[in-house]
**Q** 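Could you have a look at this structure, given as structure tokens, before my questions?
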Amino acid sequence: MTRIVVGIAAACLIGQAAFAHAFLDRASPPVGSEVSGSPPALSLTYTEPVEPLFSTILVTDPGGARVDDGTLVPREDGRILSVKLKPLKPGVYTVEWHVTSVDTHKTEGHFTFTVTP
């Protein structure tokens with residue numbers, strides 16, 4: 001009986017891993033935050049590794065103009081993606097991200113942060 005329970009538990013865990021998705025774990029600047037001055041870069045940390053070639057991060061200013069350089073820099077085996085930012089004026093900035101995890105599942109999201117003088 002114990003072997004059956006252990007086998008079922010193992011199958012459930014393997015099934016969960018097989019259907020995992022890379023979700024946003026944290027951001028720098030943080031989601032919804034106010035930061036003093038212009039940050040030099042934006043970094044997004046995901047719950048599992050993502051494939052940079054099939055992922056995008058777009059940062060736009062209050063007028064909708066793109067303010068990132070478009071080049072993703074992966075770190076920590078693809079769990080973190082960073083992008084350099086142009087000098088940002090005070091205002092609300094929107095981050096839109098689309099990632100594909102290494103197991104090919106796609107996730108996306110968006111958030112804002114505010115730059116203060």
Side-chain angles (χ1 to χ4, degrees):
M1 181 68 170
T2 302
R3 288 183 186 178
I4 293 172
V5 171
V6 170
I8 292 172
C12 288
L13 289 174
I14 291 169
Q16 286 178 338
F19 295 107
H21 290 69
F23 293 106
L24 184 64
D25 186 36
R26 63 185 172 273
S28 178
V31 173
S33 68
E34 286 189 6
V35 295
S36 179
S38 180
L42 172 89
S43 294
L44 303 180
T45 303
Y46 296 93
T47 55
E48 67 180 69
V50 299
E51 179 52 62
L53 294 175
F54 301 106
S55 301
T56 59
I57 297 173
L58 177 68
V59 185
T60 54
D61 68 12
R66 191 168 186 171
V67 296
D68 64 272
D69 75 356
T71 303
L72 297 180
V73 178
R75 296 191 334 258
E76 291 192 24
D77 295 327
R79 286 195 61 235
I80 298 175
L81 292 180
S82 296
V83 64
K84 290 182 183 179
L85 300 174
K86 298 175 183 177
L88 305 180
K89 296 178 182 177
V92 178
Y93 291 83
T94 301
V95 177
E96 184 178 326
W97 57 269
H98 300 262
V99 296
T100 301
S101 60
V102 293
D103 64 1
T104 71
H105 290 106
K106 297 178 182 187
T107 55
E108 60 185 56
H110 60 89
F111 65 91
T112 61
F113 68 91
T114 302
V115 173
T116 59

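Values below: all heavy atoms of this structure, side chains included; hydrogens, waters and symmetry mates excluded.
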**Q** Are any non-hydrogen side-chain atoms of V115 and P39 less than 4.5 angstrom apart?
**A**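 With C-beta onward as the side chain, the pair touches.
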
**Q** Please list, chain by chain and in numerical order, all residues satisfying side-chain hydrogen bond (donor to acceptor under 3.5 Å, both in side chains) with R66, sequence neighbours excluded.
**A**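 By the side-chain hydrogen bond (donor to acceptor under 3.5 Å, both in side chains) rule, R66 matches D68.
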
**Q** Search all heavy atoms of A27 against all heavy atoms of F111 and return the closest pair with its distance.
**A**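 Answer, listing the atom of A27 first, then F111: CB-CZ, 3.7 Å.
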
**Q** Per the ring-ring contact (aromatic ring centres under 6.0 Å, His included) rule, what does the pair list look like for residues 32-63, sequence neighbours excluded?
**A**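 Checked against ring-ring contact (aromatic ring centres under 6.0 Å, His included) - neighbours excluded - the pairs reaching residues 32-63 are Y46-W97.
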
**Q** Determine the minimum heavy-atom distance between K106 and H21, stating which atoms define it.
**A**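 For K106 versus H21, the nearest heavy atoms are O-CD2, 4.1 Å.
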
**Q** What are the two closest heavy atoms between V99 and A22, and how far apart are they?
**A**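 What the structure gives for the nearest pair is CG2-O, 4.0 Å.
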
**Q** Are any side-chain N or O atoms of S33 and backbone N or O atoms of P29, one a donor and one an acceptor, separated by less than 3.5 Å?
**A**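 Side chain of S33 to backbone of P29: no pair is present.
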
**Q** By the salt bridge (Lys or Arg N to Asp or Glu O under 4.0 Å) test, which pairs, at least two apart or in different chains, include something from residues 23-47?
**A**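 The answer is none; no pair qualifies.
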
**Q** Can you list the residues that meet the side-chain hydrogen bond (donor to acceptor under 3.5 Å, both in side chains) rule with S82, with sequence neighbours excluded?
**A**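 With sequence neighbours excluded, S82 shows a side-chain hydrogen bond (donor to acceptor under 3.5 Å, both in side chains) to S43, R75, given in chain and number order.
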
**Q** Residues in side-chain hydrogen bond (donor to acceptor under 3.5 Å, both in side chains) with E108, at least two apart?
**A**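 Here the qualifying residues are H98.
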
**Q** Any side-chain to backbone donor/acceptor pair from S101 onto H105? Under 3.5 Å, distance only.
**A**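 Confirmed, S101 side chain pairs with H105 backbone.
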
**Q** Quick one: are Y93 and L88 in side-chain contact, heavy atoms under 4.5 Å?
**A**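 Yes, side chains in contact.
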
**Q** For S36 versus T116, what's the shortest heavy-atom pair and its separation?
**A**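 Minimum heavy-atom separation between S36 and T116: CA-OG1, 3.5 Å.
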
**Q** With sequence neighbours excluded, give me every salt bridge (Lys or Arg N to Asp or Glu O under 4.0 Å) pair touching residues 83-100.
**A**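 Residue pairs passing salt bridge (Lys or Arg N to Asp or Glu O under 4.0 Å), neighbours aside: none found.
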
**Q** Applying side-chain contact (heavy atoms from CB on, under 4.5 Å), run through L81 and S55 and close with a yes or a no.
**A** CA-CA 9 Å; L81 292 180; S55 301; 4.0 Å; yes

**Q** With side chains defined as the heavy atoms from C-beta onward, is the minimum distance between L24 and V31 less than 4.5 Å?
**A**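 Yes, at least one pair of side-chain atoms sits under 4.5 Å.
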
**Q** Linking I/L/V/M/F/W/Y whenever their side-chain heavy atoms sit closer than 4.5 Å, directly or via other members, would L85 and L58 fall into one cluster?
**A**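 Shared cluster, no.
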
**Q** Dump the intermediate steps for side-chain contact (heavy atoms from CB on, under 4.5 Å) on I57 and L72, then the final yes or no.
**A** CA-CA 8 Å; I57 297 173; L72 297 180; 3.6 Å; yes

**Q** According to a 4.5 Å side-chain heavy-atom criterion applied to Ile, Leu, Val, Met, Phe, Trp and Tyr, with indirect links allowed, do V95 and I80 form part of one hydrophobic cluster?
**A**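 Different hydrophobic clusters.
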
**Q** Flag the pair V102 / V50 as yes when at least one side-chain heavy-atom distance between them is below 4.5 Å, and no otherwise.
**A**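 Side chain of V102 against side chain of V50, heavy atoms only: no contact under 4.5 Å found.
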
